[in-house]
Amino acid sequence: MLDHGALDHANISEAHAHRHAMRHSAAHVMADAVLKLFPEAKMGIGPPTQDGFYYDFDVSRPFTPEDLERIESLMREAMSGRFPFEREELSRQQAEELFSDQPYKLELIEGLGESAVISIYRHNGFVDLCQGPHVGNTAEIPAMKLLSVAGAYWRGDEKRPMLQRIYGTAFESEDELAGHLARLEEAERRDHRTLGRQLGLYTIHDEIGPGLVVWHPKGGRVRSLIEDYWKDIHYRRGYDVVYSPHIGRSTLWQTSGHLDFYREGMFSAVEVDEQEYYLKPMNCPFHITIYRSALRSYRELPLRFAELGTVYRYERSGVLHGLMRVRGFTQDDAHIFCRPEQVEDEVGGVLELTFELMEAFGFSDYSIALSTRPEKYVGDLEMWEHATNSLQGALDARGLPFTVDEGGGAFYGPKIDINITDALGRAWQCTTVQFDFNLPERFDLTYQDDQGGRSRPYMVHRAILGSMERFLGVLIEHYGGAFPVWLAPVQAVVIPIADRHADYAQNVLSALSEAGFRSEVDSRNERMNQKIRTAQLQKVPYMLVVGDREAEADAVAVRSRDAGDLGAIPLDNFIEMLEGDAKSRA
């Protein structure tokens, strides 16, 4: 079955499992320290995360930086004490008595099924409701650091109490911890929310609404460049670009199943001509109606419909985060309708398109996961097996290593997820190739097969960038705001040394504009060094200083954002150099 080309998931996860247990243990050590300093604190939950751990507390006042120092000091004392973590199973009544003064723990106990095993872990006199696992003792947490405090609604529900969440991290050595903290500092410098404001790319306004992005001219330029490239590569690879409305009648969403299974993620209906309409959360039903607009023959397949379609999904305000988590976003969506024998080639084509597109943005490190049939599913087993084998076959044919997430597919089909790794080594899930056995049935999709009968097409959902908003957020942080020449909203800024050089600066600007480059003149009444500093802060790739000598020689004194002072270069030569940079997409 799924072994050839697949990575050994058990071996890969062994180190991850140990780190998971270590960080989980650190969360317990932190909770113990908090209760020693704040005996009245009520405990929420304290899980490990991808980068560390956190614990939620209900306390009378917010934690301060000084509190974190005291908590961390107590944690280090506990870590040096080698206190063992000991597991114990309790009856429901025993657990309720033990946590009688911890209302959030009682709520968790109440939510456990009747047959659930209730377990606790003890160390150093501290006890917590927990399934584990943990390391052997507190000394097996070699390196730890508390990072920050934030508010968090209990169970993510805005109607529930706001708790104080303390974030921390733990590693196997002080060197690894130091490396992680350095990456965090760099990540803070690259935060897309800060850079987006500094570079004038986008804003989110309360008067418009949380999670709704307004693109400014520079951000709009970058987005337009990406969309133009996206369309070009799709046309070259045989896709048809389509457009669909922002709203749809309720009957459409009833047929698709969204009103039954996804209503809480949709915005409320509006009434038009006594009919209910919903903002679209997905583009799929619209592409299906395009398919159904004509009788399809097997000779027409595959059909590939692609759209940069803006969708709207309700997200709780507590999880909104810059461009990464929004309520209105443009998905680089596509749906492929094909015959069974075409499936593997189509999946392979998506993979090739993905890598071509991602490499243009500087991503070359990937991790791939193949998710298989869950316990509850739609469609027959033969279709599932064929689709899963096609996904694996496309990966194997290209020598791509992958892990297998057994049972991790959606109920309507297996899928491939591709994570990209950014300049800081962080993984971002962008690309998904997803089979759908549900919607073709719901909308009764057919095509005339080579025997003159009616057959059901295979339908493949596919998103590569994920969403324009989130992908732009990833790009801003990946580049640290310093977009490569082909994507930079301003590729060159012309800086006249004095007022008498203004005319020549305009001549340079005209030459650059005629050659198709995005440039501007800084004509402010500021010193030259201040203008250079401004361009550097705006992360403009090239600064072109012009004075008497440059005007006489029809040249520009070039300062590169990345390479520093390049000296005087004839204007025509600089334009050739700029053309090369832009075409290379380096």
Side-chain angles (χ1 to χ4, degrees), residues 231 234 237-263 265-267 269 275-313 329-340 342-343 346-347 349-350 377-380 383-384 386-387 390-391 409-416 432-449 453-464 466-467:
K231 290 177 183 176
H234 278 75
R237 288 187 171 271
Y239 284 78
D240 290 306
V241 174
V242 299
Y243 295 87
S244 59
H246 289 247
I247 62 174
R249 189 177 290 179
S250 60
T251 50
L252 178 73
W253 307 112
Q254 194 70 57
T255 302
S256 70
H258 286 92
L259 286 183
D260 291 331
F261 303 109
Y262 197 72
R263 187 189 294 264
M266 299 173 67
F267 281 98
Q275 297 285 330
E276 283 190 334
Y277 286 75
Y278 286 85
L279 289 171
K280 65 175 178 179
M282 299 177 186
N283 299 304
C284 327
F286 297 97
H287 294 190
I288 287 172
T289 60
I290 296 174
Y291 180 92
R292 292 177 62 193
S293 64
L295 176 63
R296 304 297 180 178
S297 164
Y298 73 97
R299 298 179 186 274
E300 293 179 75
L301 304 183
L303 289 173
R304 309 180 189 100
F305 299 145
E307 178 178 11
L308 290 166
T310 301
V311 298
Y312 304 88
R313 299 179 188 174
F329 56 93
T330 301
Q331 208 168 28
D332 74 317
D333 219 354
H335 296 89
I336 300 171
F337 304 89
C338 61
R339 307 193 305 268
Q342 297 172 320
V343 167
E346 289 303 307
V347 172
V350 172
Y377 62 93
V378 297
D380 59 58
M383 294 175 69
W384 272 88
H386 180 222
S390 296
L391 292 174
F411 75 92
Y412 48 82
K415 64 175 180 173
I416 291 173
T432 296
V433 187
Q434 171 77 65
F435 277 90
D436 192 333
F437 303 132
N438 181 45
L439 290 181
E441 290 286 339
R442 282 181 166 272
F443 285 93
D444 191 26
L445 300 188
T446 63
Y447 66 91
Q448 189 174 51
D449 59 34
R454 294 296 180 90
S455 294
R456 186 83 70 206
Y458 275 64
M459 178 177 171
V460 180
H461 298 270
R462 187 240 68 187
I464 294 178
S467 79

Shortest non-hydrogen contact from F286 toward I247: CZ-O, 3.7 Å
Quick one: list whatever passes ring-ring contact (aromatic ring centres under 6.0 Å, His included) with Y312, sequence neighbours left out. H246
Going by the rule side chain to side chain contact (heavy atoms under 4.5 Å, CB included), which residues pair with A334 if we only count those two or more places apart in sequence or in a different chain? Y239, A306, R462
Between S256 and F261, is there a side-chain heavy-atom distance shorter than 4.5 Å? no
May I have all residue pairs that pass salt bridge (charged side-chain N to carboxylate O under 4.0 Å, His left out) and include part of residues 432-441, sequence neighbours excluded? E441-R456
Under the side chain to side chain contact (heavy atoms under 4.5 Å, CB included) test, residues paired with T330 that sit two or more places apart: R223, L308, T310, M468, E469
Under 3.5 Å, is there a donor-acceptor pair between the side chain of S297 and the main chain of R299? yes
Which atom of P281 lies closest to which atom of H258, heavy atoms considered: CG-CD2, 4.2 Å
Interatomic spacing from OG in S250 to CZ in R263 - rounded to 0.5 Å: 9.0 Å
Tell me every residue that passes side chain to side chain contact (heavy atoms under 4.5 Å, CB included) with D333, counting only those two or more places apart in sequence or in another chain. N283, Q331, H335
Compare every heavy atom of A269 with every heavy atom of Y278, then report the nearest pair and how far apart it is. CZ-CB, 3.5 Å
Side-chain touch Q342/V347, heavy atoms, less than 4.5 angstrom: no
Closest approach of L279 and M266, non-hydrogen atoms and distance? O-CE, 4.4 Å
Under 4.5 Å between any side-chain heavy atoms of T255 and P285, yes or no? no
So does Y298 get a backbone contact from the side chain of Q448, meaning a donor-acceptor N/O pair under 3.5 Å? no
Is there side-chain contact between T289 and L252, with at least one heavy-atom pair below 4.5 Å? yes
When you look at V433 and V460, which way does the side-chain contact (heavy atoms from CB on, under 4.5 Å) test go after all the steps? CA-CA 7 Å; V433 187; V460 180; 3.7 Å; yes
With sequence neighbours left out, the residues meeting side chain to side chain contact (heavy atoms under 4.5 Å, CB included) with T251 are R249
Partners meeting side chain to side chain donor-acceptor pair (under 3.5 Å) with R313 (sequence neighbours left out): none
Go through the steps for F267 and W253 under the test ring-ring contact (aromatic ring centres under 6.0 Å, His included), then give the verdict. CA-CA 12 Å; F267 281 98; W253 307 112; over 10 Å; no
With sequence neighbours excluded, residues passing ring-ring contact (aromatic ring centres under 6.0 Å, His included) with Y377: W384
Give the C-alpha distance, both sets of side-chain angles, the deciding distance and a yes or no for side-chain contact (heavy atoms from CB on, under 4.5 Å) between I288 and L445. CA-CA 8 Å; I288 287 172; L445 300 188; 3.6 Å; yes
Would you call F337 and P302 a side-chain contact if the rule is heavy atoms closer than 4.5 Å? no
Between D240 and F305 (side chain of the first, backbone of the second, donor and acceptor by atom type, cut-off under 3.5 Å), is there such a pair? no
For residues 276-294, pull every pair meeting salt bridge (charged side-chain N to carboxylate O under 4.0 Å, His left out), keeping only residues two or more places apart or in separate chains. K280-E307
Q275: partners by side chain to side chain donor-acceptor pair (under 3.5 Å), with sequence neighbours left out: none
Those residues at least two apart in sequence (or on a different chain) that pass ring-ring contact (aromatic ring centres under 6.0 Å, His included) with F435 are none
Got R296 and L303 here, is their nearest side-chain heavy-atom distance under 4.5 Å? yes
Could you tell me whether the side chain of Q434 and the main chain of G413 form a donor-acceptor pair under 3.5 Å? yes
With sequence neighbours excluded, what pairs up with F443 under the ring-ring contact (aromatic ring centres under 6.0 Å, His included) test? none
Write down the atom of I336, the atom of E346, and the distance for their closest heavy-atom approach. CG2-OE1, 3.6 Å
On a heavy-atom basis, the closest approach of V343 and C338 is CG2-SG, 3.8 Å
Would M459 and L439 count as a side-chain contact (heavy atoms from CB on, under 4.5 Å) here? Give the steps. CA-CA 8 Å; M459 178 177 171; L439 290 181; 4.2 Å; yes
